[in-house]
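One structure below.
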Amino acid sequence: MLEIQRIRQEKEAILAALAKRNIDASQTLDAILETDQNWRMAKTQLDQVAAEMNQLARSIGELFKSGQQAEATAMKEKTSALKIQEAALKEQVSALEDALQKHLYTLPNVPNEAVVQGRDAEDNQNVFEAGSIPQFSFEAQPHWDLAKKFKLIDFELGVKVTGAGFPFYRGKGARLQRALIQFFLDEAIAAGYEEFISPHMVNEASGYGTGQLPDKEGQMYYVQEDDFYLIPTAEVPLTNIYRDVILPDANFSIKMCGYTPCFRREAGSYGKDVRGLNRLHQFDKVEIVRVEHPDNSAKALDEMIDHVKNLLDKLELPYRILRLCGGDMGFASAMTYDFEVYSAAQEKWLEVSSVSRFDTFQSNRLKLRFKDDKKTTLCHTLNGSALALPRILASLLENHQTENGIQIPKALQAYTGFSVIE
RNA sequence: GGAGAGUUGGCAGAGUGGUCGAUUGCGGCAGUCUUGAAAACUGUUGAACCGAGAGGUUCCGGGGGUUCGAAUCCCUCACUCUCCGCCA
């Protein structure tokens, strides 16, 4: 959520920046400013009436104390007109507040300077490439065939027990999955992130804190009986640790990581794009989350990108990094880098990580601030996947396949306990 | 699932209708003393909003009510804890 003070001061800049998302926010901004103006007027009036009331009440108290009953009773009568006025103003103020809030919720974050204008994924900027795309002397198989052949994943069994998008991993497939989680966590911890095991369900307030609510409730699984949401990512519980927190000084850098299953309803599309592990309702992910001083968030983002690069290098996967254009960025993000791994058998790029900075967009909702001298200032938040498992698993299988089996990257072998699947 | 107790400032914990945004202690910050530190002493120390400022308003779990006036009384919802039951 954008700060109202900022909208008051930098309307034109915000408008120009939002245009990069192909959004013409001029009407919304005007409505916001007008509502804000009206709200302030009503609020000032209300404050004045309230001050008068307080003054009267105090005087009446004094009169009663000193036994001047008659005077007190006379004064009481004066309050009734004020009361009516106060009630009306209160209603007006809270109606304006609601209207303002609603408008603010609809505005996405302002893209960073470096973000280019663009419509969709076509306009994303390729900023980095690493590794080489493997050439096979045989016909490369997609991961769903490999998974079946080596009995690593059973999709049908998942359908039987739960439904589509909830696969079973088995045998070496399960072991490989667990090895990846362990590997990612160890790397994150080595990079200074504190590990958390978090709840996998959150309450409504947490959903609002990170921006899943309002509006995106349909994307989360909801437990009606207890009013809980299954987390779509560890970002939600981890970031919400800092909801309603004021850090005591300006000298902080909070680095958290956590493995969780992630649950997504995404009614979404069908067909080739969602085959196998490409899109699931339940998947595993290790997430890294940071809370930083505003001056430090650019550097933090770079560090997170280097961290993810390092993971992909160690897994010996060919990948590229895209800086998302305005139109392809998430609602809350100010700047996002997507990591895509090339899938040899599917002959396409698979998104395996998304690293974003949110600036004050999340912390404004979370009320996450720090104390700087006497002032309280909003922190910056960042997060990224490091990494999401299914597509990593898919690209490991596909890119490291040989005619007889699948080669496990060296860095992983200590975790899997085997060097080849055959 | 049943019964009971509770929710107050960073923490602990007073406060049952009138200068209470709130006693006190701890913690934090500043100072005195000290070569320095500790101890002791003194002062200071919540947040949000409106306002150029002076100043004002709001907040004692959320919402509503009674009253000239509510942390305090009433209603309602939520949450937490304890005991019992069930259970990994």
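In what follows, every chain begins at residue 1, and chains take the letters A, B, ... in the order their sequences are listed.
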Its contact letters, B for base, S for sugar-phosphate only and - for none at protein heavy atoms under 4.0 Å, make nucleotides 47-55 of chain B read SSSSS----

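Within residues 51-59 of chain A, the residues that place at least one heavy atom under 4.0 Å from RNA chain B are, in residue-number order, A/A51, A/N54, A/A57. At a non-hydrogen distance threshold of 4.0 Å, A/K76, A/T79, A/K83 from residues 76-100 of chain A come into contact with RNA chain B.
A/D30 and A/K11 are joined by a salt bridge, as a carboxylate oxygen and a charged side-chain nitrogen come within less than 4.0 angstrom of each other. The pair A/K299-A/E303 meets the salt-bridge criterion, since a charged nitrogen lies less than 4.0 angstrom from a carboxylate oxygen. Salt-bridge annotation for A/K43 and A/D47: present, with a side-chain N of the basic residue lying under 4.0 Å from a carboxylate O of the acidic one. Under 4.0 Å is where a charged nitrogen must lie from a carboxylate oxygen, and between A/K314 and A/E187 at least one such pair does. Under the 4.0 Å criterion applied to side-chain N and carboxylate O atoms, A/K371 and A/D249 are not assigned as salt-bridge partners.
When the P atom is used for both B/C87 and B/G1, the distance is 16 Å, rounded to whole Å. Spacing of P atoms, B/C33 relative to B/U72, comes out at 47 Å, to the nearest Å. Taking atom C1' on both nucleotides, B/G63 is separated from B/C59 by 14 Å, rounded to a whole Å. Comparing B/A14 with B/U24, their C1' atoms sit 7 Å apart, to the nearest whole Å. Using atom P as the reference point in both B/G18 and B/G69, the two lie 14 Å apart (nearest Å). Annotation: B/C77 and B/U82 have their C1' atoms spaced 22 Å apart (nearest Å). Taking atom P in both B/U58 and B/C74, one finds a spacing of 23 Å when rounded to whole Å. To the nearest whole angstrom, the two P atoms, one in B/A71 and one in B/G61, are 10 Å apart.
Other residues, nucleotides and ligands place more than 12 heavy atoms under 6.0 Å from the CD atom of A/Q69.
Remark: B/C79 base-pairs with B/G6. Criterion, Watson-Crick or G-U wobble with two distances under 3.5 Å. Within the shown strands, nothing qualifies as a pairing partner of B/U67 under the Watson-Crick or G-U definition with both distances less than 3.5 Å. The partner of B/A14 is absent, by the rule that a Watson-Crick or G-U pair needs both atom distances under 3.5 Å. Under the Watson-Crick or G-U wobble criterion, with both distances below 3.5 Å, B/U23 has no partner in any strand shown. With a cut-off of 3.5 Å on both pairing distances, the Watson-Crick or G-U wobble partner of B/A30 is B/U42.
The distance from atom CG of A/L46 to atom C1' of B/U57 is 8 Å, rounded to the nearest whole Å. Atom-to-atom, NZ of A/K367 to C1' of B/G10 comes out at 19 Å; the value is rounded to the nearest Å. Distance CD1 (A/I60) to P (B/U19): 14 Å, rounded to an integer number of Å. Whole-Å rounding puts the A/Q69 CD to B/G18 P distance at 16 Å.
Note that A/K309 lies outside the cation-pi zone of A/F339, set by a 6.0 Å cut-off to the ring centre and a 45° limit from the axis. Remark: A/K285 is not positioned above the aromatic ring of A/Y259, lacking an NZ or CZ atom under 6.0 angstrom from the ring centre and at most 45 degrees off the axis.
The ring pair (Phe, Tyr, Trp, His ring centres under 6.0 Å) pairs that include a residue from residues 206-230 of chain A are A/Y222-A/Y229, where partners are two or more places apart or lie in different chains. The side chain to side chain donor-acceptor pair (under 3.5 Å) analysis of residues 87-106 of chain A, with sequence neighbours excluded, yields the pairs A/W39-A/E97.
Remark: aromatic rings of A/H281 and A/F263 are distant, center separation not under 6.0 Å.
The distance from atom CG of A/L247 to atom SG of A/C379, rounded to the nearest 0.5 Å, is 4.5 Å.
Tested against A/E287, the residues A/L387, A/T239, A/I231, A/T233 include a single side-chain contact (heavy atoms from CB on, under 4.5 Å) partner, A/T233.
A donor-acceptor distance shorter than 3.5 angstrom exists from the side chain of A/N109 to the backbone of A/A332, with no hydrogens or angles considered.
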Take A/H380 and A/F358, measure what ring-ring contact (aromatic ring centres under 6.0 Å, His included) needs, and give me the verdict at the end.
CA-CA 7 Å; A/H380 279 197; A/F358 301 94; over 10 Å; no

Tabulate protein N/O versus nucleotide N/O from nucleotides 85-88 of chain B, keeping only pairs under 3.5 Å, one per line.
none

